[in-house]
Peer 1: 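Following this message is one structure expressed as structure tokens.
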Amino acid sequence: MRKSKINLTAVIVLFSGVIVITACQKNNDLVPSQSGTEFTTGGNERLSPPAVPAILEVPSGNSVCYHVFATGVQIYVVTLTSTGYAWVFQAPDAKLYANAGLNGQVGTHYGGPTWESISGSKVVGIKLQGVTVDVTAVPWLLLGAGSSQGPGVFNGVTYIQRVNTTGGLAPITGADAAHVGEQAMIPYTAEYFFYRAD
């Protein structure tokens with residue numbers, strides 16, 4: 001009789017341990033991997049949408065699925081336009097990070113505009129709306145997903161918001177015939193929020 005009680009206790013302890021391990025694994029779906037290279041299952045610590053002007057709100061039926069911090073440059077080139085010489089935006093060139101401390105690079109951001117994860121999933125955006133929130137920084141944006149591919153965090157993305165920008169504005173001088181083709185790389189930072197259909 002004593003032996004069966006011991007075995008029953010062992011089974012209960014083992015079962016409890018399995019429950020705890022399973023719960024921990026589920027919680028780990030919401031944090032960066034220990035390697036700091038990419039979030040697991042596309043989740044992270046901040047899944048609430050940012051506060052934005054009404055024109056930048058994402059249509060109902062979509063929820064935040066991913067959030068990154070970007071640091072890099074906005075690239076401009078001196079170009080002859082219909083109104084004269086100007087610094088014309090060409091592309092971003094930025095690294096994407098898991099947190100505000102810029103730890104754990106999770107991807108890159110480049111022309112298209114394209115966001116690409118470390119694992120290779122991509123989304124290409126189409127600008128829908130823009131608002132100047134800070135006159136010293138590039139506008140906040142709402143973009144629709146023109147295309148996405150995976151598997152990975154960017155597969156199935158429907159909308160993208162660029163918010164909390166700093167820097168990145170085009171130069172205000174130097175756009176003339178003598179400088180056609182010259183590039184300017186202007187540092188900027190931003191946060192990007194990615195959405196998927198519910």
Side-chain angles (χ1 to χ4, degrees), residues 30-53 56 58 64-78 87-150 152-155 157 159-172 174 182-196:
L30 300 178
V31 297
S33 62
Q34 291 300 309
S35 65
T37 57
E38 188 163 5
F39 288 103
T40 58
T41 69
N44 63 25
E45 78 286 358
R46 183 177 172 189
L47 294 178
S48 298
V52 297
L56 301 183
V58 169
V64 176
C65 63
Y66 202 52
H67 168 217
V68 298
F69 297 80
T71 182
V73 295
Q74 297 279 298
I75 304 170
Y76 298 88
V77 176
V78 176
W87 288 101
V88 175
F89 176 71
Q90 293 295 298
D93 183 8
K95 292 180 180 179
L96 307 176
Y97 292 92
N99 58 49
L102 304 182
N103 304 116
Q105 185 179 346
V106 294
T108 56
H109 178 38
Y110 53 89
T114 303
W115 294 263
E116 182 173 350
S117 71
I118 293 294
S119 68
S121 64
K122 297 179 186 178
V123 60
V124 178
I126 299 170
K127 180 183 172 183
L128 301 176
Q129 300 289 347
V131 174
T132 297
V133 175
D134 176 355
V135 296
T136 68
V138 289
W140 292 17
L141 300 176
L142 172 64
L143 305 101
S147 66
S148 68
Q149 64 184 57
V153 293
F154 294 133
N155 189 38
V157 165
Y159 291 93
I160 304 135
Q161 289 168 323
R162 179 175 78 183
V163 300
N164 300 328
T165 56
T166 66
L169 292 176
I172 55 174
E182 184 174 306
Q183 278 192 347
M185 297 186 175
I186 311 300
Y188 92 108
T189 64
E191 291 179 55
Y192 293 98
F193 286 79
F194 302 88
Y195 293 73
R196 286 196 190 102

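Both backbone and side-chain heavy atoms feed into the values below; hydrogens, waters and symmetry mates do not.
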Peer 1: Looking at OG of Ser48 and CZ of Phe193, how far apart are the two atoms once the value is rounded to the nearest 0.5 Å?
Peer 2: 8.5 Å
Peer 1: With Tyr192, which residues qualify under ring-ring contact (aromatic ring centres under 6.0 Å, His included), at least two apart?
Peer 2: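 For Tyr192 the ring-ring contact (aromatic ring centres under 6.0 Å, His included) partners, ignoring immediate neighbours, are His109, Trp115.
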Peer 1: Is any side-chain heavy atom of Leu169 less than 4.5 Å from a side-chain heavy atom of Ile186?
Peer 2: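 Side-chain contact under 4.5 Å: no.
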Peer 1: When you measure from the side chain of Gln161 to the backbone N and O of Leu56, does any donor-acceptor pair fall under 3.5 Å?
Peer 2: yes
Peer 1: Check step by step if side-chain contact (heavy atoms from CB on, under 4.5 Å) holds for Val163 and Val52.
Peer 2: CA-CA 8 Å; Val163 300; Val52 297; 3.7 Å; yes
Peer 1: Would you say Arg196's side chain and Asn155's backbone share a donor-acceptor pair under 3.5 angstrom?
Peer 2: yes
Peer 1: In Å and rounded to the nearest 0.5 Å, what is the CD1 to NZ distance from Ile160 to Lys127?
Peer 2: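 Answer for the CD1-NZ pair, Ile160 versus Lys127, is 14.0 Å.
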Peer 1: Please report, to 0.1 Å, the donor-acceptor pairs under 3.5 Å made by any side chain of residues 133-147, with sequence neighbours excluded.
Peer 2:
| residue | atom | partner | partner atom | Å |
| --- | --- | --- | --- | --- |
| Asp134 | OD1 | Thr136 | N | 2.9 |
| Asp134 | OD1 | Thr136 | OG1 | 2.8 |
| Asp134 | OD2 | Thr136 | OG1 | 3.1 |

Peer 1: Please identify each residue that fulfils ring-ring contact (aromatic ring centres under 6.0 Å, His included) with Tyr110, with sequence neighbours left out.
Peer 2: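 So Tyr110 forms no ring-ring contact (aromatic ring centres under 6.0 Å, His included) with any residue.
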Peer 1: Indicate the atoms forming the closest heavy-atom contact of Trp87 with Pro171, along with that distance.
Peer 2: CD1-O, 3.3 Å
Peer 1: Which atom pair, heavy atoms only, marks the closest approach of Val58 to Tyr159?
Peer 2: CG1-CD1, 3.7 Å
Peer 1: Does Phe154 offer a backbone N or O that forms a donor-acceptor pair with the side chain of Ser121 under 3.5 Å?
Peer 2: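 Pair found, side chain donor or acceptor close to backbone of Phe154.
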Peer 1: Can you list the residues that meet the side chain to side chain contact (heavy atoms under 4.5 Å, CB included) rule with Ala91, with sequence neighbours excluded?
Peer 2: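 In terms of side chain to side chain contact (heavy atoms under 4.5 Å, CB included), with neighbours along the sequence ignored, Ala91 is linked to no residue.
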Peer 1: Who are the side chain to side chain contact (heavy atoms under 4.5 Å, CB included) partners of Thr71, not counting sequence neighbours?
Peer 2: Tyr97, Leu102, Thr189
Peer 1: For residues Pro49 and Tyr195, report the shortest heavy-atom separation together with the two atoms involved.
Peer 2: CB-OH, 3.3 Å
Peer 1: In Å and rounded to the nearest 0.5 Å, what is the CG to CD distance from Leu96 to Glu191?
Peer 2: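 Leu96 CG to Glu191 CD: 12.0 Å, rounded to 0.5 Å.
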Peer 1: Check Arg162 against Ala190 and note the closest heavy-atom contact, atom names and distance.
Peer 2: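 So the two residues come closest at CG-CB, 3.8 Å.
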Peer 1: Once side chain to side chain contact (heavy atoms under 4.5 Å, CB included) is applied, do any residues pair with Gln183, and if so which ones, sequence neighbours excluded?
Peer 2: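 Residues passing side chain to side chain contact (heavy atoms under 4.5 Å, CB included) with Gln183: Ile75, Val77, Met185.
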Peer 1: Looking only at heavy atoms, what is the nearest atom pair of Tyr188 and Pro92, with distance?
Peer 2: OH-CB, 4.3 Å
Peer 1: What's the separation between atom NZ in Lys95 and atom CD in Gln105, rounded to the nearest 0.5 Å?
Peer 2: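 It is 5.5 Å, given to the nearest 0.5 Å.
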